[in-house]
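Okay, structure first, notes after.
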Amino acid sequence: MIISISARSRTYAVLPLGTDNFGRDVLTVLVKATGVSLEIGLIAGLVATAIGLTLGLLAGYIGGWVDDIIMFVTNIFTVIPGFVLLILISFSIGQDKRGAFTIAVVIGFTSWVWTARAVRSQVFSLRNRDHVNLSKLSGHSIVRIILTDILPYIASYVVMAFILQISSGILAEAGLSILGLGPRTTDVFYAGLMMNWAMIYQAEILGDWWAYFPVLVTIALITFSMNLMNTGLDQVFNPALRE
């Protein structure tokens, strides 16, 4: 049973969220867990954005059979629900090998599809611009054209996609951990692990709200703030929205 701190106790001001069933301060654990969850989301976002950006640039600029192959792979990942694929991969890795970094990479590997599609559509509209055609006539390589003549024009869009990938990565980690397929560790706390503990010790049935409600609020605030940041950046980078 999860132990709470009485409202009449003198230590209530020091431990406002009480302690868990292990006797640890819930607030302290939550602060540490939030940082680790952000790191997992950051790694997952980097992996997903890097894969999606690379494939989207190649498919959009080169086209032809390269585009066909990339879109074939993308369609396969689209047909299979991303979270279901994430569950299968996490389960196949094994309990002992599911570290925080490993889970973050797996999340990123299964969530790059929409970024690749979006970047591809953006590149399609840029590859026949005058400055790109001038670079082609100048004999510049494909890599140089992509990096210097196309990527800067979609950099703002990539940044916004990266922010959304971080948000989705945090939510994916929380979902996996609730199912018991998240990172396995006894030394590092993360938000999903706190939710898993709350479910194991039936905190929602016992009415021990401090074991799960602060985690839910924290995850909701993080994802909401990132979506709000993405909306603000969209207004900054898109001149049509400022008029």
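From a predicted model like this one, the values you see are computed outputs, not experimental measurements.
Taking OG1 of T74 as the reference point, atom CD1 of I69 lies at 11.5 Å (rounded to 0.5 Å). Once rounded to the nearest 0.5 Å, the distance linking OG1 of T115 with CH2 of W112 reads 9.5 Å. Rounding to the nearest 0.5 Å places CG of L171 at 12.0 Å from CD1 of I166. Atom CD1 of residue I170 and atom CG of residue L42 lie 9.0 Å apart, to the nearest 0.5 angstrom. Distance check, rounded to the nearest 0.5 Å: CG of L46 to CD1 of I51 gives 11.0 Å. Atoms OH and CG, on Y61 and D67 in that order, are 14.0 Å from each other to the nearest 0.5 Å.
Residues L228 make up the rest of the hydrophobic cluster containing F224, defined by ILVMFWY side-chain heavy atoms closer than 4.5 Å, directly or through other members.
Of all the heavy atoms in L181 and S90, the pair that sits closest is O-CB, 3.9 Å. The two residues L57 and V119 make their nearest non-hydrogen contact at N-CG1, 3.8 Å. The minimum heavy-atom distance between I145 and S135, with the atom names listed, is CG1-CB, 3.9 Å. The shortest heavy-atom contact between N133 and N128 is ND2-O, 3.2 Å. Taking all atoms of both residues into account, the shortest heavy-atom contact from A44 to G169 is CB-CA, 4.3 Å.
No path of Ile, Leu, Val, Met, Phe, Trp and Tyr side chains, each step under 4.5 Å between heavy atoms, connects L88 with V79, placing them in separate hydrophobic clusters. Residue V73 is not grouped with residue W114 when hydrophobic side chains (ILVMFWY) are merged at heavy-atom distances under 4.5 angstrom, including chains of intermediate members. With hydrophobic clusters built from ILVMFWY side chains whose heavy atoms lie under 4.5 angstrom apart, I146 shares a cluster with V143. Put simply, F124 and I142 are part of two different groups of oily side chains (I, L, V, M, F, W, Y) that touch within less than 4.5 Å, one to the next. Transitive grouping of hydrophobic side chains (ILVMFWY, heavy atoms separated by less than 4.5 Å) keeps L164 and I154 in distinct clusters.
Checking each of V217, T218, I219 against V215 for a side-chain contact (heavy atoms from CB on, under 4.5 Å) leaves exactly one that passes, namely I219.
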key: Stepwise side chain to side chain contact (heavy atoms under 4.5 Å, CB included) test for E173 and I178   = CA-CA 9 Å; E173 176 271 315; I178 290 176; over 6 Å; no
key: Test log, rule side chain to side chain contact (heavy atoms under 4.5 Å, CB included), inputs Y157 and L53   = CA-CA 10 Å; Y157 183 83; L53 177 62; over 6 Å; no
Test log, rule side chain to side chain contact (heavy atoms under 4.5 Å, CB included), inputs R120 and M71 = CA-CA 10 Å; R120 173 178 175 268; M71 284 300 99; 3.4 Å; yes
query = Going through the distances and angles, do T148 and L151 end up as a side chain to side chain contact (heavy atoms under 4.5 Å, CB included)?
reply = CA-CA 6 Å; T148 61; L151 184 58; over 6 Å; no
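The closest side-chain heavy-atom distance from F109 to L85 is not below 4.5 Å. Looking at L176 and L86, their side chains come closer than 4.5 Å, going by heavy atoms from C-beta outward. Annotation: side chain of R129 is not in contact with side chain of I150 (no heavy-atom distance under 4.5 Å).
Within 6.0 Å of the CZ atom in F77, the count of heavy atoms belonging to other residues, nucleotides or ligands exceeds 12.
Residue pairs satisfying the salt bridge (charged side-chain N to carboxylate O under 4.0 Å, His left out) criterion with at least one member in residues 134-156, sequence neighbours excluded, are absent.
Listed for the S168 side chain is a donor-acceptor partner under 3.5 Å among the backbone atoms of Q165. Side chain of N230 to backbone of M226: no donor-acceptor contact under 3.5 angstrom is found.
With sequence neighbours excluded, the residues satisfying ring-ring contact (aromatic ring centres under 6.0 Å, His included) with Y153 are H131.
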